[in-house]
There are 2 protein chains.
Amino acid sequence: MSAISERRERERAHRHQLIITAARELAETEGWEAVTTRRLADRVEYSQPVLYSHFNGKEAIVSAVALDGFGELAAHLRRARQAAAPEEALRAVCLAYLEFATERPALYQAMFILPTDLTFASTETPPALRAGFDEFVSCFPPDNERRELFAEVLWSALHGITVLSESGRIPPDRQEDRLDFLVTRIAGAR
Amino acid sequence: MSAISERRERERAHRHQLIITAARELAETEGWEAVTTRRLADRVEYSQPVLYSHFNGKEAIVSAVALDGFGELAAHLRRARQAAAPEEALRAVCLAYLEFATERPALYQAMFILPTDLTFASTETPPALRAGFDEFVSCFPPDNERRELFAEVLWSALHGITVLSESGRIPPDRQEDRLDFLVTRIAGAR
DNA sequence: GACGACATCCTAGCAACGCTAGACGTTCTG
DNA sequence: CAGAACGTCTAGCGTTGCTAGGATGTCGTC
């Protein structure tokens with residue numbers, strides 16, 4: 001393989017990431033409904049068809065953004081857990097989760113609300129998806145046989161709180177009270 | 001007002017409901033992405049513009065379906081709560097909620113996931129929206145000052161469990177175990 | 001260095017979408 | 001009976017995601 005085609009491959013990989021970050025920025029500033037293939041192509045200064053040489057379709061682009069998001073979420077939760085004392089880990093991780101969701105609403109939408117190509121709970125599940133969930137699991141002692149179940153319910157509750165308050169179905173204030181209640185109730189199971 | 005215009009008003013109201021039920025049926029059999037204004041107009045055997053003489057747009061049609069859904073959900077939860085002994089009410093209502101969500105996925109989507117015109121937690125909130133939430137509140141004793149907060153968190157958890165399992169982000173089995181865990185943990189706060 | 005083979009990228013266009021203007025026939029009113 | 005008012009449809013606008021096919025430039029080979 002020549003040096004030129006190596007360079008082209010590098011440029012291609014770079015452009016691949018450029019599309020992803022452009023989609024994310026556009027979504028974060030103007031919302032996902034503003035992310036059209038035309039506007040996206042404009043942003044990266046290429047024509048529409050090049051998007052399709054990198055991704056199978058718009059859904060695949062959203063999925064790529066979501067995948068990045070899962071990686072960041074996992075790192076964010078991990079930092080929070082490790083910075084806290086063990087008995088405070090549960091609370092810290094939950095707080096970090098709500099922070100992440102409210103500070104990056106567009107990213108969170110790509111991860112949990114918009115339709116994507118990502119497959120969960122399967123052998124092909126990307127590691128980043130698993131990693132975030134594992135942070136919740138790690139808040140419970142290893143000898144607890146039901147820790148996975150606890151983590152699932154905890155995660156569900158946090159997700160529910162996030163989207164119901166985001167969409168105005170429950171009052172947006174009092175988030176801290178909800179967190180308090182949730183953590184103290186669930187922590188008893190630790 | 002003449003008898004003729006009365007008849008026309010009746011027919012108009014009938015057609016209004018016809019559009020709503022047609023949208024709902026189409027969504028339940030083929031999913032919401034199949035509900036286009038053209039197909040909907042075909043179904044009710046009118047042209048597209050008549051849809052817009054009844055509703056402000058597609059979102060308003062989805063909202064109307066969702067509103068019906070909230071009424072049915074409230075009734076469903078109420079029946080479950082009243083049929084159960086007081087100490088079992090919490091569990092019965094939660095179970096009824098999950099039942100509703102899994103048996104009418106398209107309806108649930110309209111109520112909680114698709115963008116709608118509905119306003120929540122405001123003075124203009126339709127009674128049906130309030131009624132469902134109140135069923136959760138009623139599971140806690142009236143002298144509990146934090147029962148609204150408990151209901152919010154409980155509802156959030158159930159919603160989270162619903163959408164995360166629906167989208168495959170948590171395994172679809174074990175729903176009953178999650179319900180058990182959630183109820184026993186929350187019920188302690190009663 | 002010339003040439004066919006190949007890759008890359010863009011112009012142009014398709015079908016489907018939500019939505020609306022304007023024409024047309026029908027019905028009500030003076 | 002004339003004309004206003006209403007209800008409905010045809011036709012079309014602008015936008016969407018996506019793709020076919022041609023132009024342009026680069027590659028390995030002689």
Side-chain angles (χ1 to χ4, degrees), chain A residues 1-20 22-24 26-27 30-66 106 109-110 113-117, chain B residues 1-20 22-24 26-27 30-66 106 109-110 113-117:
Chain A
M1 175 170 295
S2 76
I4 292 182
S5 57
E6 277 181 27
R7 168 187 57 91
R8 287 221 271 220
E9 204 153 307
R10 266 201 321 273
E11 288 177 349
R12 185 174 171 79
H14 177 258
R15 197 173 54 182
H16 188 90
Q17 193 56 42
L18 187 67
I19 294 171
I20 297 176
R24 175 173 172 171
L26 198 49
E30 304 188 41
W32 279 105
E33 70 280 356
V35 181
T36 69
T37 57
R38 272 166 246 267
R39 289 202 61 184
L40 197 50
D42 253 29
R43 273 244 180 169
V44 297
E45 297 179 306
Y46 283 93
S47 65
Q48 280 179 285
V50 312
L51 300 182
Y52 292 89
S53 75
H54 284 273
F55 300 94
N56 271 336
K58 194 188 172 184
E59 252 192 47
I61 299 178
V62 179
S63 304
V65 174
Q109 245 187 1
I113 296 169
L114 299 181
T116 63
D117 296 340
Chain B
M1 176 171 294
S2 75
I4 293 180
S5 58
E6 276 182 28
R7 169 188 56 92
R8 286 221 272 220
E9 205 153 307
R10 264 200 324 273
E11 289 176 347
R12 186 173 171 79
H14 177 258
R15 196 174 55 180
H16 188 92
Q17 193 57 43
L18 187 67
I19 293 171
I20 297 176
R24 175 172 173 172
L26 198 49
E30 304 189 42
W32 279 106
E33 71 280 356
V35 181
T36 70
T37 57
R38 273 166 246 266
R39 289 201 60 183
L40 197 50
D42 254 29
R43 272 244 180 167
V44 298
E45 296 180 307
Y46 282 93
S47 66
Q48 278 180 287
V50 313
L51 301 182
Y52 293 88
S53 75
H54 284 274
F55 300 94
N56 272 337
K58 193 188 173 184
E59 252 192 47
I61 298 178
V62 179
S63 304
V65 174
Q109 246 188 1
I113 295 169
L114 299 180
T116 63
D117 296 339

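Reckoned from all heavy atoms, side chains included, excluding hydrogens, waters and symmetry mates.
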In whole angstroms, how far is the C1' atom of D/dG21 from the OH atom of A/Tyr52? 18 Å

Student check: side-chain heavy atoms of B/Arg39 and B/Val35 closer than 4.5 Å: no

Mind calculating the distance between CG (A/Leu40) and C1' (D/dT16) to the nearest angstrom? 14 Å

Which heavy atom in A/Glu33 sits nearest to a heavy atom in A/Glu30, and how many Å separate them? OE2-O, 3.3 Å

For A/Leu51 and D/dC18, give me the distance from atom CG to atom C1', rounded to whole Å. 11 Å

Counting C-beta onward and ignoring hydrogens, is there a side-chain heavy-atom pair between A/Phe55 and A/Asp117 closer than 4.5 Å? no

Under 3.5 Å donor-acceptor pair, A/Gln48 side-chain atoms to D/dC18 base atoms: yes

A/Thr37 side-chain N/O to D/dC18 phosphate OP1/OP2 under 4.0 Å: no

With nearest nucleotide decided by heavy atoms, which residue, A/Glu45 or B/Pro49, maps closer to the 5′ end of DNA chain C? A/Glu45

Listed nucleotide nearest any side-chain atom of B/Ser47, set D/dG17, C/dC19, D/dC9: D/dC9

Flag side-chain contact, heavy atom, 4.5 Å: A/Glu59 against A/Val62: no

What's the spacing between B/Arg24 CZ and B/Ile19 CD1 if we round to 0.5 Å? 16.0 Å

In residues 54-61 of chain B, which ones come under 4.0 Å of DNA chain D, going by heavy atoms? none

Is the shortest side-chain heavy-atom distance between B/His16 and B/Ile20 below 4.5 Å? yes

Please state whether the phosphate of D/dA11, meaning OP1 or OP2, lies under 4.0 angstrom from any side-chain nitrogen or oxygen of B/Arg38. no

For atom CD of A/Glu33 and atom P of C/dG18, their distance in whole Å: 16 Å

Reported CD1-to-CG distance for the pair B/Ile61 and B/Leu51, which is rounded to 0.5 angstrom: 5.0 Å

Do A/Ile113 and A/Trp32 have side chains that approach each other closer than 4.5 Å (heavy atoms only, starting at C-beta)? no

Taking atom P of C/dT8 as reference, at what distance in whole Å does atom NE2 of A/His14 sit? 18 Å

Atom CZ of A/Arg12 and atom C1' of C/dA7: how far apart are they, to the nearest Å? 11 Å

Considering residues at least two apart in sequence or located in another chain, which fulfil the side-chain contact (heavy atoms from CB on, under 4.5 Å) criterion with A/Tyr52? A/Thr37

Tell me what A/Arg15 touches on the nucleic acid: a base, only sugar-phosphate, or nothing, going by heavy atoms under 4.0 Å. sugar-phosphate

Measure from the side-chain heavy atoms of A/Tyr46 and tell me the nearest of C/dC10, C/dG18, D/dT10. C/dC10

Once you build an axis from the first five pairs and another from the last five of the helix from C/dG1-D/dC30 to C/dG30-D/dC1, how far apart in angle are they, to 10 degrees? 20°

